[in-house]
2 protein chains.
Amino acid sequence: MSTVLHGGPDASGVASHDFSTNGNAVGSCPAVLSALRAADAAHYPDPHYTALRSRLAAFHGVTAERIVIAASASEFIHRISAAVAQGGGRQVWLPAHSYGDYERAAQAWALQTIRSPQAYTDAALRWCCEPSSPMGQPQANLRQQAASTNGACVLDLAYEPLRLEGQASLDATQRDRVWQLWTPNKAMGLTGIRAAYAIAPEDADASLVQRIERLAPSWPLGTHGVAMLEAWTGEEAQRWLAQSRQTLKDWKTRQRAVCESLGWQCLPSDANFFCARSDRPYPDVAAALRTEGIKLRDCTSFDLPGHVRLGVLPPASQQALKQAWTSAS
Amino acid sequence: MSTVLHGGPDASGVASHDFSTNGNAVGSCPAVLSALRAADAAHYPDPHYTALRSRLAAFHGVTAERIVIAASASEFIHRISAAVAQGGGRQVWLPAHSYGDYERAAQAWALQTIRSPQAYTDAALRWCCEPSSPMGQPQANLRQQAASTNGACVLDLAYEPLRLEGQASLDATQRDRVWQLWTPNKAMGLTGIRAAYAIAPEDADASLVQRIERLAPSWPLGTHGVAMLEAWTGEEAQRWLAQSRQTLKDWKTRQRAVCESLGWQCLPSDANFFCARSDRPYPDVAAALRTEGIKLRDCTSFDLPGHVRLGVLPPASQQALKQAWTSAS
């Protein structure tokens, strides 16, 4: 039984005010919900996902050959780590703080992990994420990373569709040099749907691409995953997403003010979540908060002890947090 | 781009009379459909699937620790193959004819494959399937396989819930000695849902189990996969399944008669599908049949050239096959 720590539902179910995940708190995208309702799960999907790959390729302005369908971001993280290990890679470079699955997959394949500020030059696989997790900040040196020809560089773009501030560090040409990993379920407010895709670099190492394909399970996506990814590329979903970013921006300003009123130090963030150093350690009050339906993400597993990460939630949830924290303290 | 051959939808979509897959042709199980409609995909599933694992364990009368959740049968096939390779395994044993993913996963991990009638005694991983695919027959020597302590033995039970004739070779005690792989989406008539689970043997090699867990992606199942697996264990779904087997039995008798009327030789089968040697090679008429909405599964990739596999479909589809085959010949 795995003991990996994740945000989101736990054995007690879904918390009423779940600040621990980074999904779009405005709700589930109506265009995707209607695609899900129309989805017919009676048949296998096309095992080659021909129509879906064309659609994703057109959305990103790349050729369909570059689209790699994945069961989830985590599945792709494991798969490319395995493919790098198979190719004789030994070292994986990670940002100073990052999503635990990068390291977990590296360890599962006995790859040595090194972290920033250690140099990335010898790594066979480099993980970048912008806006980063857990901080929601730009990735330092991302342009140099993208320009480097040593090893494979993956840019995890899970939070780019939920960017509320700042600018991406890479332009389209620079992005074409890295593996892009897209996971629209957070932006679409549907984290219960497992589906992701990667876009291979324009000059991808052909043997690495081949290994990644050989390691793919058959039909990585089910009907509902296909429906979400198709709807995600549509105008209706993208318009809804743009509107939801406006709402989240407003909620974020209020939420930071609530945290500051509790005496917390909020760190800067470009995304729909941010980290804060709370006035007392979260683990001491986590159980009391959970009974009030409130869950935060402790940042110890991100190597940021004393900090919590908070997804931006509606003002009512923010008030619930303020009250519960004040009573628990 | 993968060139693996699978039954089911192709680039032209879903065939009207698709004999090429083995899903339950009676339709989609109403209890699962209603669970799917009620599923709320707005949240991550519990990453440990605690409730689901308990439910599956109770259904099978085993402890919850033995349940391994998988994104799909294919994902488990790749994962256990990788885990065996990591443990120093070198050889994988396969039945004379079998599902292509067993071999494909072995090749992806540079494991040598040997096939029956070669001896299985030195293999680190052995694949069994009963009722078998593509023939729907008992697996030869299954009792000896289950009793053998050399390497890991996986029994693929994808078609057991759709068994229309015969008896399983193993009793419950014998089954407890092998890895059981369950994929209810075929029986539930919902092959568009990706979800599966394995039951570890009672005396499973602890280091193999640990490697299998370490290689698991986070949240292998989405909301819809969880909903299907939960509903599958319920009385309503099991009652519907038992009724649908009665219908399929009747259809199967008629379908074999239709094939024989075309001059085909039908092979024996215990399942909701069977193989037949057609009076002329299927590849010669496949394109003409496909334009009439008819698709069969050529058995060349199963090492059975000259044969087709047919899932049992309703009488109207059988008549459509008869007409189209007669006009094409």
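In what follows, chains are A, B, ... by sequence order, proteins preceding strands, each numbered from 1.
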**OP:** Could you pull out the closest heavy-atom pair between A:Glu213 and B:Arg104, with the gap in Å?
**Re:** O-NH2, 3.7 Å
Original post:
Closest heavy-atom contact between B:Arg214 and A:Gln107?
Top reply: NH2-O, 4.5 Å
**OP:** Could you look at B:Leu221 and say if it's the side chain, the backbone, both or neither that has a heavy atom under 4.5 Å from chain A?
**Re:**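 Backbone only.
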**OP:** Would you mind checking which part of B:Ala42 comes under 4.5 Å of any heavy atom in chain A, side chain (CB onward), backbone (N, CA, C, O), both or neither?
**Re:**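 When you check distances to chain A, atoms from both the backbone and side chain of B:Ala42 fall under 4.5 Å.
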Original post:
Would you say the side-chain atoms of A:Gln86 pair up with the backbone N or O of B:Ala108, donor to acceptor, closer than 3.5 Å?
Top reply: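 Between the backbone of B:Ala108 and the side chain of A:Gln86 there is a qualifying donor-acceptor contact (under 3.5 Å).
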Original post:
Any donor-acceptor pair under 3.5 Å linking the side chain of B:Ser74 with the backbone of A:Pro217?
Top reply: no
Original post:
CG of B:Leu215 to CZ of A:Arg79: how many Å apart, nearest 0.5 Å?
Top reply: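 It is 14.0 Å, given to the nearest 0.5 Å.
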**OP:** Rounded to the nearest 0.5 Å, what's the gap from CD on A:Glu75 to NE2 on B:His78? Could you check?
**Re:**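 So the CD of A:Glu75 and the NE2 of B:His78 are separated by 9.5 Å.
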Original post:
Are the side chains of B:Tyr44 and A:Ser20 in touch, meaning some heavy atoms are under 4.5 Å apart?
Top reply: no
Subject >> Contact winner vs chain A - B:Ile67, B:Val209, B:Thr191, heavy-atom pairs under 4.5 Å >> reply: B:Thr191
Original post:
Heavy atoms under 4.5 Å from chain A: which residues of residues 193-201 of chain B carry them?
Top reply: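 Within residues 193-201 of chain B, the residues under 4.5 Å from chain A are B:Ile193, B:Arg194.
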